[in-house]
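Right, one structure below, let's go through it.
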Amino acid sequence: MRVLLVYPTFPDTYWSFRHALKFEGKKSAFPPLGLLTISAMLPGIWERRLVDLNVENLRTSDIEWADIVFVSAMIVQKESLKEIVARCKKLNKRVAVGGPYVSTSSEQMLEADFIFVGEAETTVPEFIEDLKRGVAKHIYKAAERPSLSSTPVPDFGLIDLNRYSAMSVQYSRGCPFQCEFCDIIEIYGRVPRTKSNEQMLRELDALRAADWRGLVFIVDDNFIGNKKNVRKFLPELIEWSKRNEFPFSFITEASVNIAEDEVLLQMMQDAGFRRVFLGIETPVGESLKEAQKGQNTRRDLLESVRKIQDYGMEVMAGFIVGFDNDPKDIFDRQINFIRESAIPLAMVGLLTALPDTQLWHRLEREGRLLKESSGNNTDCTLNFIPKMDQTRLIEGYKAILNNIYSPREYYQRALDCLSRFKQVQVEPRQNGVMMNLKTFIRLIVMLGVRDRERLQFWNYFLRVIRYYPRNFTHSLTLAAMGFHFRKITASYLD
Ligand code: B12
Ligand code: SF4
């Protein structure tokens, strides 16, 4: 059996990081972990190839080579997914589809031969047996959310690691909270399930053996969703990192209540965590209540961000405008909060109703749902009728983007962020500037010579050298990211 695994293209958004990746000479930020995991579930004698359209083209000969094609996608990839399925069907190939988009919108993908709804740890083995017996079904839906104990080490050997800026591993799935707009809890559930410590360390060993050095994204919905297990995992991760001379630094996503657990923060710092993504959403208490985000109303959000930064971890965060309870001055309040929190990578989006979420069902009941979302909550479109005047909301949203990613605001936030790190961690070797001389030169040429905003860059650069020399590498990463945000903002505001 020859299996072709295909990952559709992402649109160019804040999350593509494309303009920042160019400095590093990378094609994509992260590999398609879902497909790498699925591949590892297939019988060892099956041949496999993977084509990630974000790093290479899909050739007709690739499809012709295969007996079956596996495709995975998020909503933002749906157009590309549909094109891939159509190309494969035209060549008479059988196609299996799965992943978050298919899990929430399976009725949109009926042209595929095999549809996988939800996680695949139990359904893929069942499918393989059915296929062998010639009785494979059209739709596979797991009866319950699987334990992660059977999740194999992803097939990292299928990709060229050098094309990616970071590698991904997953420790847990699911989140105990119940935010109204969130589809994580619909897809992966509210009981966070984790892998065992041994499983995780095996995955890290595999990355190390594949010669990966540098950033690893622990792609959990909420890394501290199961705090009890994470407290047992971190000491082993620290030991592993020490034993292996800190080959990786980590980034992850977590809920804001992480800030109240200093023991955990200390362990994360010791293990080499560099950045934590938080869902802050809004500084407005009424809107947080509407979003059922009680975990954010129970604490001072600015204090929480500062606490995490105290432990040398950069905070990156998601913000949303468009809640029913957003006051008229929401746009200024978001801008002020982002400035005061010193969060350089502030991902501000418009509220979006994703399929099958609580928000989706409420808006449907209220007759306010307009269409399926594009999945990209930064494209200045709405898929529901907001309470605030629509034009005002979109104009206000654009005003936020225009402000927070302007060079002056952005570089200042980056400096404020660096000023809050009390300690600096050891850089993994691949991230060292000398090792990445080419990246450094490209950055200086682009931001310090060619860019219209070069004076702002040099001002930033000199202040970093003077006040935060130990955070030099981190400061350059932030400068590259700022450039990306600025470019994307310009394309939205055109
Ligand atoms: C890492 C990540 C990213 C990375 C991209 C990584 C990459 N290259 O794939 C980054 C940070 C860039 C990213 C960006 C975005 N992301 Co994202 N991301 C994730 C995250 C946290 C982990 C993905 C992952 O690796 N999972 C681990 C694998 C093992 O899980 P899995 O993919 O679900 O695979 C399992 C099953 O689904 C199934 N399966 C998957 N594919 C297939 C295929 C077949 C054939 C079969 C049989 C089975 C199968 O088998 C696997 C094992 O059970 C998920 C959340 C999550 N828990 O998955 C969100 C998530 C996928 N992202 C999401 C979103 C919305 C986005 C953005 C649009 C954000 C935004 N608001 O703009 C952007 C889009 C990018 C862009 N340029 O526009 C949503 C998708 C919602 C949806 N219904 O489609 C998710 C679910 C999170 C959320 N609710 O917010 N993301
Ligand atoms: S904390 Fe994050 S992952 Fe958890 S329910 Fe809320 S939005 Fe979803």
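Ligands are counted one by one from 1 in listed order, and the atoms in each one are counted from 1 as well. This one's a predicted model, so the numbers in the text were calculated from it and none came from an experiment.
Contact annotation for atom 45 (C) of ligand 1: protein present (non-hydrogen atoms, distance under 4.0 Å). Distance check on atom 75 (C) of ligand 1: some protein heavy atom falls below the 4.0 Å cut-off. Under the 4.0 Å distance rule, the nearest protein heavy atom to atom 81 (C) of ligand 1 falls inside the cut-off. Distance check on atom 54 (C) of ligand 1: every protein heavy atom falls at or beyond the 4.0 Å cut-off. Checking atom 35 (C) of ligand 1 against the protein gives no heavy-atom contact under 4.0 Å.
Side chain to side chain, Asn54 and Thr9 fail the donor-acceptor criterion of an N or O pair below 3.5 Å. No hydrogens or angles considered: nothing links the side chains of Ser72 and Tyr7 as a donor-acceptor pair under 3.5 Å. In this structure, a donor-acceptor pair under 3.5 Å is absent between the side chains of Asp183 and Tyr188. For the residue pair Gln292 and Gln358, a side-chain donor N or O sits within less than 3.5 Å of a side-chain acceptor on the partner. In this model, a donor atom of one side chain and an acceptor atom of the other lie less than 3.5 Å apart for Glu290 and Asn325. One side chain, Asn229 or Thr194, offers a donor N or O that lies under 3.5 Å from an acceptor on the other.
Dense packing is recorded around NZ of Lys398, with more than 12 heavy atoms of other residues, nucleotides or ligands lying under 6.0 Å away. Within 6.0 Å of the CG atom in Asn57, the count of heavy atoms belonging to other residues, nucleotides or ligands does not exceed 12.
At least one heavy atom of Phe217 lies less than 4.0 angstrom from ligand 1. Residue contact annotation: Gly349 has no non-hydrogen atom under 4.0 Å from ligand 1. Using a 4.0 Å cutoff on heavy atoms, Glu253 does not count as a contact of ligand 2. In this structure, Arg190 has no heavy atom closer than 4.0 Å to ligand 2. Not a single heavy atom of Phe17 sits closer than 4.0 Å to an atom of ligand 1. The shell of residues lying under 4.0 angstrom from ligand 1, judged by heavy atoms, includes Pro31. Contact annotation: Thr378 has no heavy atom less than 4.0 Å from any atom of ligand 1. Contact analysis puts Gly375 in contact with ligand 1, with a non-hydrogen atom separation below 4.0 angstrom. Residue contacts with ligand 1 include Pro11, since one of its heavy atoms falls under 4.0 Å from the ligand.
Note on ring orientation: taking the six-membered ring where Trp is involved, the planes of Phe30 and Phe217 are tilted (angle from 30° to 60°). Between Phe233 and Tyr171, the ring planes are parallel. Angles under 30° get that label, and only those over 60° would be called perpendicular. Using the six-membered ring where Trp is involved, Phe273 and Phe223 have ring planes that are tilted, between 30° and 60° apart.
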Contacts table for residues 93-102: side-chain donor-acceptor under 3.5 angstrom, sequence neighbours left out:
from	atom 1	to	atom 2	distance (Å)
Lys93	NZ	Glu64	O	3.2
Lys93	NZ	Ala66	O	2.9

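With Val117, Val71, Asp183, Val55 as candidates, the residue nearest to atom 89 (N) of ligand 1 on a non-hydrogen basis is Asp183. Of the candidates Pro100, Ala120, Cys182, Pro100 brings a heavy atom nearest to atom 86 (C) of ligand 1. The residue from Trp15, Phe277, Phe70 that puts a heavy atom closest to atom 11 (C) of ligand 1 is Trp15. When Ser28, Ala166, Gly99, Gly34 are ranked by how near their heavy atoms come to atom 40 (C) of ligand 1, first place goes to Gly99. The option with the heavy atom closest to atom 27 (C) of ligand 1, from among Glu121, Glu119, Lys78, Gln170, is Gln170. Across Glu186, Glu180, Lys293, Gln292, heavy-atom proximity to atom 2 (Fe) of ligand 2 is greatest for Lys293.
Counting heavy atoms under 4.0 Å from ligand 1, residue Arg173 touches it through the side chain alone. If you look at Val76 next to ligand 1, the close heavy atoms, those under 4.0 Å, all belong to the side chain. Within the 4.0 Å heavy-atom criterion, the part of Tyr7 lying near ligand 1 is the side chain and not the backbone. Contacts with ligand 1 closer than 4.0 Å are made by heavy atoms of both the backbone and the side chain of Val219. With a 4.0 Å heavy-atom cut-off, ligand 1 is reached by no atom of Phe114.
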Next item on the list: May I have the step-by-step check of side chain to side chain contact (heavy atoms under 4.5 Å, CB included) for Trp15 and Met347, ending in yes or no?
Entry: CA-CA 8 Å; Trp15 283 106; Met347 295 292 199; 3.7 Å; yes

Checklist line | Pair Phe114-Phe127, ring-ring contact (aromatic ring centres under 6.0 Å, His included): steps then yes or no | finding: CA-CA 9 Å; Phe114 312 111; Phe127 168 66; 4.8 Å; yes

Notebook entry, point to check: What do the steps show when you test Arg202 against Asp205 for salt bridge (Lys or Arg N to Asp or Glu O under 4.0 Å), and what is the final call?
Noted result: CA-CA 5 Å; Arg202 263 204 305 277; Asp205 280 334; over 6 Å; no

Next item on the list: Decide salt bridge (Lys or Arg N to Asp or Glu O under 4.0 Å) for Asp160 and Lys27; before the verdict, give the C-alpha distance in whole Å, the side-chain angles of both, and the deciding distance to 0.1 Å.
Entry: CA-CA 11 Å; Asp160 176 356; Lys27 288 274 189 185; over 6 Å; no

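Between Thr13 and ligand 1, at least one pair of N/O atoms sits closer than 3.5 Å. Distances between N or O atoms of Ser103 and those of ligand 1 include no value under 3.5 Å. Taking only nitrogen or oxygen atoms, main chain and side chain alike, Asn377 reaches within less than 3.5 Å of ligand 1. Taking distance alone, with nitrogen or oxygen atoms compared against 3.5 Å, Phe30 approaches ligand 1 more closely than that limit.
A cation-pi contact links Arg49 to Trp65, judged by a cut-off of 6.0 Å to the six-membered ring centre and 45° from its axis.
Using a cutoff of 4.0 Å between basic side-chain nitrogens and carboxylate oxygens, Arg173 and Glu121 are scored as salt-bridged. Salt bridge status for Glu79 with Lys82: absent, with no side-chain N to carboxylate O gap under 4.0 Å. Remark: Arg274 does not engage Glu314 in a salt bridge, criterion side-chain N to carboxylate O under 4.0 Å. A salt bridge links Arg362 to Glu180: at least one charged side-chain nitrogen sits closer than 4.0 Å to a carboxylate oxygen.
Atom 1 (S) of ligand 2 has as its closest protein heavy atom Gln295 NE2, 3.4 Å.
Around atom 4 (Fe) of ligand 2, the protein N, O or S atoms found under 2.8 Å comprise Cys175 SG.
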